[in-house]
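What follows is a single structure, written as structure tokens, with notes after it.
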Amino acid sequence: MSPQTSATAEAPVNIALIKYWGKRDQSLNLPTNSSLSITLKSEPQVGTTSLHTRTTVRLVQGTDSFSLNGRPCELNQRLLRVLSYIRSLRSLGPVAIESANFFPTSAGLASSASAYAALATAVNALLDPPLSAQQMSIAARLGSGSACRSLFAGFVQWEMGCDADGSDSIATSLFDADHWETLSCVVVILSDQHKEISSANGMQRTAMTSSLYPARLKMIPFRIAELTCALCAKDFSRFAELVMRDSNQFHAVCLDAFPPIKYLTEQSHKVIQTIHALNCGPSGTIAGYTFDAGPNAFVFCERPDLDTIEAALRTGLPDCRMIRCSVGLGPKIVE
Ligand code: PMV
């Protein structure tokens with residue numbers, strides 16, 4: 001059989017339920033805290049929006065190249081880091097990388113996570129022997145920290161690790177996608193704008209200047225343990241409260257950075273108010289929100305409550321776009 005010269009992979013986005021924010025090593029993307037995420041799969045939509053990245057990697061003559069959504073781009077440091085790590089482990093010639101996102105990039109929708117997970121998966125299909133799970137985790141992480149979590153289905157923990165070379169800073173699956181099939185997420189797109197400050201710069205500034213930040217780091221192991229119990233028991237109300245509290249705390253430490261970092265907009269706060277108002281109703285906690293480094297909301301609920309929650313959001317924010325998601329599977333090779 002002739003060796004494979006091209007592979008296409010699709011990888012999902014993940015949204016952090018307990019956020020990664022801060023690096024103990026900038027170039028290796030080693031985090032100051034462990035994090036926990038859910039992998040998302042968007043339901044088929046009218047239009048082209050779908051929360052995944054599709055990447056084709058071809059072995060070529062000449063030099064490495066990269067294009068995003070059909071536009072040639074420079075190979076950035078992050079891409080180069082991933083390729084050079086893989087080349088330190090396996091023989092890999094020059095490659096042409098063509099990547100396509102089916103949703104707005106750099107808008108707090110975790111586009112870099114799906115991008116580097118798709119890249120690692122596509123390159124891996126060309127390697128013989130393929131990389132180990134640990135090496136895949138490291139390769140994706142070198143592109144974008146959160147990308148190591150997009151290599152898995154369901155609920156995923158990225159253990160911060162303590163080794164200086166990052167060999168123990170890897171993601172593992174906590175619960176598979178079918179563990180909690182009724183859990184749904186509505187992604188509320190309020191803005192397609194690029195965020196004003198990148199995650200990399202934002203987390204660095206927060207770690208260096210926020211006096212609340214050390215308290216957050218201390219609390220995270222307990223939060224992760226509690227959230228794992230809530231997930232295990234499929235206790236929605238506990239799950240939602242922990243996720244909202246972590247999101248609020250993350251944005252609070254960002255505001256406590258100096259100069260302050262503000263990712264949420266008035267519209268984001270409208271989402272927050274709407275959810276808390278809903279949760280004061282007779283059914284108790286039926287929804288929870290989280291926001292990454294951007295204004296767009298990820299609203300969780302159980303499937304039977306989807307219509308109620310979307311209607312409430314639509315009343316306050318008639319122009320927002322909403323994408324329904326369920327708990328998703330990991331990356332796959334599609335060609
Ligand atoms: O992986 P990065 O460098 O894009 O940083 C991700 C940071 C957050 O999305 C805000 C939180 C997270 O854990 O994904």
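These figures come from a predicted structure and were not determined experimentally. Numbering of ligands and ligand atoms starts at 1, following listing order.
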| said: For ligand 1 and K19, I'd like to know whether there is a polar contact (N/O to N/O, distance under 3.5 Å). | reply: no
| remark: For G145, the atoms of ligand 1 under 4.0 Å from one of its heavy atoms are 1 (O)
| said: Taking a cutoff of less than 4.0 Å between a non-hydrogen atom of the residue and any ligand atom, is A200 in contact with ligand 1? | reply: no
| Passing option when N101 is tested against T55, T53, N69 for side-chain hydrogen bond (donor to acceptor under 3.5 Å, both in side chains) | T53
| query | NZ of K23 to OG of S199: how many Å apart, nearest 0.5 Å? | reply | 8.0 Å
| message | Tell me whether R216 is salt-bridged to D256, with the criterion being a basic N under 4.0 Å from an acidic carboxylate O. | response | no
| said: Check this for me - ligand 1, S146, N or O atoms closer than 3.5 angstrom, yes or no? | reply: yes
| Which ligand 1 atoms are under 4.0 Å away from a heavy-atom of S112? | 4 (O)
| task | Report yes or no: does W21 have a heavy atom closer than 4.0 Å to ligand 1? | result | yes
| said: I need the atoms of ligand 1 closer than 4.0 Å to a non-hydrogen atom of M203, numbered in the order shown. | reply: 5 (O)
| query | Does any N or O atom in S144 lie less than 3.5 angstrom from one in ligand 1, N or O only? | reply | yes
| D246/K19 salt bridge by N-O under 4.0 Å criterion | no
| Can you tell me how far the OH atom of Y116 sits from the OG atom of S99, to the nearest 0.5 Å? | 9.0 Å
| field | Carboxylate-amine/guanidinium proximity below 4.0 Å for E241 and R245 | value | yes
| Is the shortest N/O to N/O distance between K23 and ligand 1 below 3.5 Å? | no
| Are W158 and Y20 an aromatic pair by the rule of ring centers under 6.0 Å? | yes
| note | Taking only non-hydrogen atoms of A16 and a 4.0 Å limit, the atoms of ligand 1 in range are 12 (C), 13 (O), 14 (O)
